[in-house]
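A short worksheet on the structure shown next.
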Amino acid sequence: MEKQNTRDRILAVASDLFYQEGIRKVGIKEICEKAGITKPTLYHHFTSKDRLIAAYLEDLDRKTSGAMKAAFEKTPGSLQDKILALFDRIAASADIETWKGCPFIRAAAEFADNDTHPAPSLSKAHKQNMETWIAGCLVDGAIDKPAETARQLMILLDGAVMAVFLHRNPDYARQSAAVALAILTKAERKT
(Lines give C-alpha, C1' and ligand atoms only; values in the text may rest on other atoms or scores of the structure.)
Protein backbone atom coordinates (compact mmCIF):
# COMPACT_ATOMS: atom_id res chain seq x y z
CA MET A 1 0.00 0.00 0.00
CA GLU A 2 1.32 3.42 -0.97
CA LYS A 3 2.21 5.70 1.92
CA GLN A 4 0.12 8.86 2.08
CA ASN A 5 2.18 11.97 1.32
CA THR A 6 2.49 14.65 4.00
CA ARG A 7 0.15 17.16 2.35
CA ASP A 8 -2.56 14.54 1.91
CA ARG A 9 -2.11 13.34 5.51
CA ILE A 10 -2.48 16.89 6.85
CA LEU A 11 -5.58 17.42 4.72
CA ALA A 12 -7.11 14.11 5.81
CA VAL A 13 -6.56 14.86 9.51
CA ALA A 14 -7.82 18.44 9.17
CA SER A 15 -10.85 17.29 7.17
CA ASP A 16 -11.86 14.79 9.83
CA LEU A 17 -11.38 17.28 12.64
CA PHE A 18 -13.14 20.13 10.82
CA TYR A 19 -16.14 17.95 10.05
CA GLN A 20 -16.41 16.31 13.45
CA GLU A 21 -15.60 19.28 15.70
CA GLY A 22 -16.21 22.39 13.62
CA ILE A 23 -13.72 24.45 11.67
CA ARG A 24 -13.28 27.32 14.11
CA LYS A 25 -12.96 25.03 17.10
CA VAL A 26 -10.02 23.09 15.64
CA GLY A 27 -6.60 24.66 16.06
CA ILE A 28 -3.43 24.23 14.06
CA LYS A 29 -1.72 22.66 17.08
CA GLU A 30 -4.33 19.88 17.24
CA ILE A 31 -4.02 19.20 13.52
CA CYS A 32 -0.22 19.01 13.77
CA GLU A 33 -0.35 16.65 16.74
CA LYS A 34 -2.81 14.29 15.07
CA ALA A 35 -0.95 14.39 11.76
CA GLY A 36 2.40 13.84 13.49
CA ILE A 37 4.00 16.95 12.01
CA THR A 38 5.35 20.31 13.11
CA LYS A 39 3.74 23.70 12.49
CA PRO A 40 6.44 24.68 9.97
CA THR A 41 5.65 21.51 8.02
CA LEU A 42 1.95 22.37 7.96
CA TYR A 43 2.69 25.93 6.85
CA HIS A 44 5.03 24.61 4.17
CA HIS A 45 2.05 22.82 2.59
CA PHE A 46 -0.69 25.31 3.53
CA THR A 47 0.30 28.96 3.99
CA SER A 48 -2.45 29.60 6.56
CA LYS A 49 -5.35 27.95 8.34
CA ASP A 50 -7.66 29.69 5.87
CA ARG A 51 -5.78 28.05 2.98
CA LEU A 52 -6.13 24.68 4.72
CA ILE A 53 -9.87 25.33 5.16
CA ALA A 54 -10.14 26.19 1.47
CA ALA A 55 -8.29 23.00 0.53
CA TYR A 56 -10.64 21.01 2.79
CA LEU A 57 -13.72 22.46 1.09
CA GLU A 58 -12.26 22.07 -2.41
CA ASP A 59 -11.40 18.43 -1.72
CA LEU A 60 -14.82 17.86 -0.20
CA ASP A 61 -16.46 19.45 -3.22
CA ARG A 62 -14.73 16.96 -5.52
CA LYS A 63 -15.63 13.99 -3.32
CA THR A 64 -19.23 15.02 -2.63
CA SER A 65 -19.97 15.94 -6.24
CA GLY A 66 -18.37 12.71 -7.40
CA ALA A 67 -20.41 10.62 -4.96
CA MET A 68 -23.68 12.28 -5.93
CA LYS A 69 -22.95 11.94 -9.65
CA ALA A 70 -21.95 8.31 -9.19
CA ALA A 71 -25.17 7.55 -7.29
CA PHE A 72 -27.15 9.19 -10.08
CA GLU A 73 -25.29 7.38 -12.87
CA LYS A 74 -25.31 3.95 -11.21
CA THR A 75 -29.03 4.01 -10.50
CA PRO A 76 -30.95 2.14 -13.18
CA GLY A 77 -34.24 3.40 -14.48
CA SER A 78 -35.76 6.74 -15.29
CA LEU A 79 -34.59 10.25 -14.50
CA GLN A 80 -36.99 10.22 -11.56
CA ASP A 81 -35.41 7.02 -10.22
CA LYS A 82 -31.96 8.61 -10.47
CA ILE A 83 -33.03 11.81 -8.68
CA LEU A 84 -34.77 9.81 -5.96
CA ALA A 85 -31.51 7.89 -5.40
CA LEU A 86 -29.99 11.17 -4.17
CA PHE A 87 -32.63 11.33 -1.45
CA ASP A 88 -32.00 7.67 -0.62
CA ARG A 89 -28.35 8.57 0.10
CA ILE A 90 -29.53 11.19 2.55
CA ALA A 91 -31.97 8.78 4.21
CA ALA A 92 -29.17 6.25 4.66
CA SER A 93 -27.13 8.83 6.58
CA ALA A 94 -29.63 8.99 9.44
CA ASP A 95 -28.13 5.99 11.23
CA ILE A 96 -24.49 6.99 10.81
CA GLU A 97 -23.42 8.27 14.23
CA THR A 98 -20.57 10.38 12.90
CA TRP A 99 -22.70 12.06 10.21
CA LYS A 100 -23.22 15.72 11.02
CA GLY A 101 -25.15 16.94 8.02
CA CYS A 102 -23.89 19.07 5.17
CA PRO A 103 -20.34 20.32 5.72
CA PHE A 104 -20.85 23.15 3.24
CA ILE A 105 -23.85 24.58 5.07
CA ARG A 106 -21.99 24.19 8.35
CA ALA A 107 -18.86 25.90 6.99
CA ALA A 108 -20.85 28.80 5.54
CA ALA A 109 -22.68 29.20 8.85
CA GLU A 110 -19.45 29.19 10.86
CA PHE A 111 -18.09 32.07 8.80
CA ALA A 112 -21.34 33.92 8.08
CA ASP A 113 -19.91 36.95 9.88
CA ASN A 114 -16.84 37.11 7.61
CA ASP A 115 -17.62 37.79 3.97
CA THR A 116 -13.93 37.73 3.00
CA HIS A 117 -13.35 34.19 4.30
CA PRO A 118 -13.17 31.47 1.63
CA ALA A 119 -15.64 29.15 3.41
CA PRO A 120 -18.89 30.93 2.45
CA SER A 121 -17.86 31.49 -1.17
CA LEU A 122 -16.60 27.92 -1.64
CA SER A 123 -19.75 26.54 -0.02
CA LYS A 124 -21.93 28.69 -2.25
CA ALA A 125 -19.94 27.59 -5.31
CA HIS A 126 -20.42 23.93 -4.38
CA LYS A 127 -24.18 24.35 -4.04
CA GLN A 128 -24.36 26.31 -7.30
CA ASN A 129 -22.32 23.68 -9.14
CA MET A 130 -24.60 20.92 -7.89
CA GLU A 131 -27.67 22.89 -8.96
CA THR A 132 -26.15 23.45 -12.41
CA TRP A 133 -25.32 19.75 -12.70
CA ILE A 134 -28.88 18.76 -11.76
CA ALA A 135 -30.25 21.26 -14.30
CA GLY A 136 -28.08 19.60 -16.96
CA CYS A 137 -29.47 16.20 -16.01
CA LEU A 138 -32.99 17.59 -16.27
CA VAL A 139 -32.35 19.02 -19.75
CA ASP A 140 -31.23 15.56 -20.83
CA GLY A 141 -34.32 14.13 -19.16
CA ALA A 142 -36.80 16.29 -21.07
CA ILE A 143 -37.92 18.44 -18.16
CA ASP A 144 -39.49 21.85 -18.77
CA LYS A 145 -37.80 24.74 -16.99
CA PRO A 146 -34.76 22.68 -15.93
CA ALA A 147 -33.03 25.53 -14.06
CA GLU A 148 -36.14 26.32 -12.02
CA THR A 149 -36.79 22.63 -11.32
CA ALA A 150 -33.15 22.07 -10.35
CA ARG A 151 -33.38 24.91 -7.83
CA GLN A 152 -36.51 23.36 -6.33
CA LEU A 153 -34.75 20.00 -6.07
CA MET A 154 -31.69 21.58 -4.42
CA ILE A 155 -33.93 23.23 -1.84
CA LEU A 156 -35.51 19.85 -1.14
CA LEU A 157 -32.14 18.08 -0.95
CA ASP A 158 -30.68 20.65 1.45
CA GLY A 159 -33.86 20.64 3.52
CA ALA A 160 -33.81 16.85 3.67
CA VAL A 161 -30.20 16.88 4.87
CA MET A 162 -31.00 19.34 7.65
CA ALA A 163 -34.16 17.55 8.78
CA VAL A 164 -32.60 14.08 8.70
CA PHE A 165 -29.62 15.38 10.66
CA LEU A 166 -31.75 17.11 13.28
CA HIS A 167 -34.27 14.31 13.75
CA ARG A 168 -32.12 11.30 12.81
CA ASN A 169 -35.16 10.05 10.96
CA PRO A 170 -34.85 8.91 7.31
CA ASP A 171 -38.53 9.57 6.72
CA TYR A 172 -37.72 13.26 6.22
CA ALA A 173 -35.67 12.33 3.16
CA ARG A 174 -38.39 9.99 1.94
CA GLN A 175 -41.04 12.71 2.28
CA SER A 176 -38.76 15.16 0.45
CA ALA A 177 -38.33 12.55 -2.28
CA ALA A 178 -42.11 12.32 -2.65
CA VAL A 179 -42.29 16.08 -3.17
CA ALA A 180 -39.39 15.88 -5.64
CA LEU A 181 -41.24 13.19 -7.60
CA ALA A 182 -44.35 15.39 -7.77
CA ILE A 183 -42.25 18.31 -9.02
CA LEU A 184 -40.56 16.16 -11.65
CA THR A 185 -43.85 14.66 -12.82
CA LYS A 186 -45.39 18.11 -13.18
CA ALA A 187 -42.33 19.41 -15.04
CA GLU A 188 -42.14 16.57 -17.58
CA ARG A 189 -42.14 17.95 -21.11
CA LYS A 190 -45.35 17.08 -22.85
CA THR A 191 -44.73 15.60 -26.28
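Both backbone and side-chain heavy atoms feed into the values below; hydrogens, waters and symmetry mates do not.
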Evaluate the criterion side chain to side chain contact (heavy atoms under 4.5 Å, CB included) for residue pair Ser121 and Lys124; output intermediate values, then yes/no. CA-CA 5 Å; Ser121 62; Lys124 179 180 175 182; 5.6 Å; no

Exercise: identify the closest heavy-atom pair between Glu110 and Ile23: OE2-N, 2.8 Å

Using 30° and 60° as the class boundaries, would you call the ring planes of Tyr172 and His167 parallel, tilted or perpendicular? parallel

For the backbone of Leu17 and the side chain of Lys25, can you confirm whether one donor and one acceptor N or O come within less than 3.5 Å of each other? no

Which pair of heavy atoms, one from Lys82 and one from Gly77, lies closest together, and at what distance? CE-O, 3.8 Å

Can you find a pair of side-chain heavy atoms, one from Ile143 and one from Glu188, that are under 4.5 Å apart? yes

Here the gap from Lys34 atom NZ to Asp16 atom CG, rounded to the nearest 0.5 Å, amounts to 7.5 Å

Donor-acceptor under 3.5 Å (Arg151 side chain, Pro146 main chain): no

To the nearest 0.5 Å, what is the distance between NZ (Lys186) and CD (Gln152)? 8.5 Å

Could you see if Ile134 belongs to whatever hydrophobic cluster contains Phe72? Use Ile, Leu, Val, Met, Phe, Trp, Tyr and a side-chain cutoff under 4.5 Å. yes

So, Asn129 side chain and Ala125 main chain: donor-acceptor pair closer than 3.5 Å or not? yes

Residues Asp171 and Asn169: closest non-hydrogen pair is N-OD1, 2.8 Å

Working to the nearest 0.5 angstrom, can you tell me the gap between Ile10 CD1 and Leu52 CG? 8.0 Å

Going by an N to O cut-off under 4.0 Å, is there a salt bridge joining Arg168 and Glu97? no

Run the numbers on Leu184 and Leu138 for side chain to side chain contact (heavy atoms under 4.5 Å, CB included), then give the verdict. CA-CA 9 Å; Leu184 289 166; Leu138 298 179; 3.7 Å; yes

Interatomic spacing from CG in Leu79 to CG in Asp140 - rounded to 0.5 Å: 9.0 Å

Which residues pass the side chain to side chain contact (heavy atoms under 4.5 Å, CB included) test with Asp95, not counting sequence neighbours? none

For the student: nearest non-hydrogen atoms of Asp158 and Lys127, plus distance: OD1-NZ, 2.6 Å

Can you check whether Ala35's main-chain N or O pairs, donor with acceptor, with Arg9's side chain at less than 3.5 Å? yes

Apply side chain to side chain contact (heavy atoms under 4.5 Å, CB included) to residues His117 and Ile53 and explain how you reach the verdict. CA-CA 10 Å; His117 196 277; Ile53 293 165; 3.8 Å; yes

Heavy-atom pair with the smallest gap, counting every atom of Val164 and Pro170: CG2-CA, 4.4 Å

I'd like a table of donor-acceptor pairs (distance under 3.5 Å, sequence neighbours excluded) in which one partner is a side-chain atom from residues 98-109, with atom names and distances.
from   : atom 1 : to    : atom 2 : distance (Å)
Lys100 : NZ     : Gln20 : O      : 2.7
Arg106 : NH1    : Tyr19 : O      : 2.8
Arg106 : NH2    : Tyr19 : O      : 2.9

Report the distance from atom CD of Glu73 to atom CE of Met68, rounding to the nearest 0.5 Å. 12.5 Å

Quick check against the 3.5 Å criterion: does Gln80 have a side-chain atom that pairs as donor or acceptor with the backbone of Thr185? no

Taking atom NE2 of His44 as the centre, report whether more than 12 heavy atoms of other residues, nucleotides or ligands fall under 6.0 Å from it. no

Tell me whether Phe165 is reachable from Met154 by hopping between hydrophobic residues (I, L, V, M, F, W, Y) whose side-chain heavy atoms are closer than 4.5 Å. yes

If you draw a 6.0 Å radius around NZ in Lys69, do more than 12 non-hydrogen atoms from other residues or ligands fall strictly inside? yes

Stepwise side chain to side chain contact (heavy atoms under 4.5 Å, CB included) test for Lys39 and Leu42: CA-CA 5 Å; Lys39 283 185 182 180; Leu42 185 141; 5.5 Å; no

With clusters defined by side-chain heavy atoms of hydrophobic residues (ILVMFWY) lying less than 4.5 Å apart, directly or transitively, does Ile155 cluster with Leu166? no

Decide whether Met162 and Ile96 are clustered together by the hydrophobic rule: side chain heavy atoms of Ile, Leu, Val, Met, Phe, Trp, Tyr closer than 4.5 Å, transitively. no

If you compare all heavy atoms of Ala180 against all heavy atoms of Leu153, which two are closest, and at what distance to 0.1 Å? CB-CD2, 3.6 Å

Rounded to the nearest 0.5 Å, what separation is found between the CG atom of Leu57 and the CG atom of Asp61? 8.5 Å

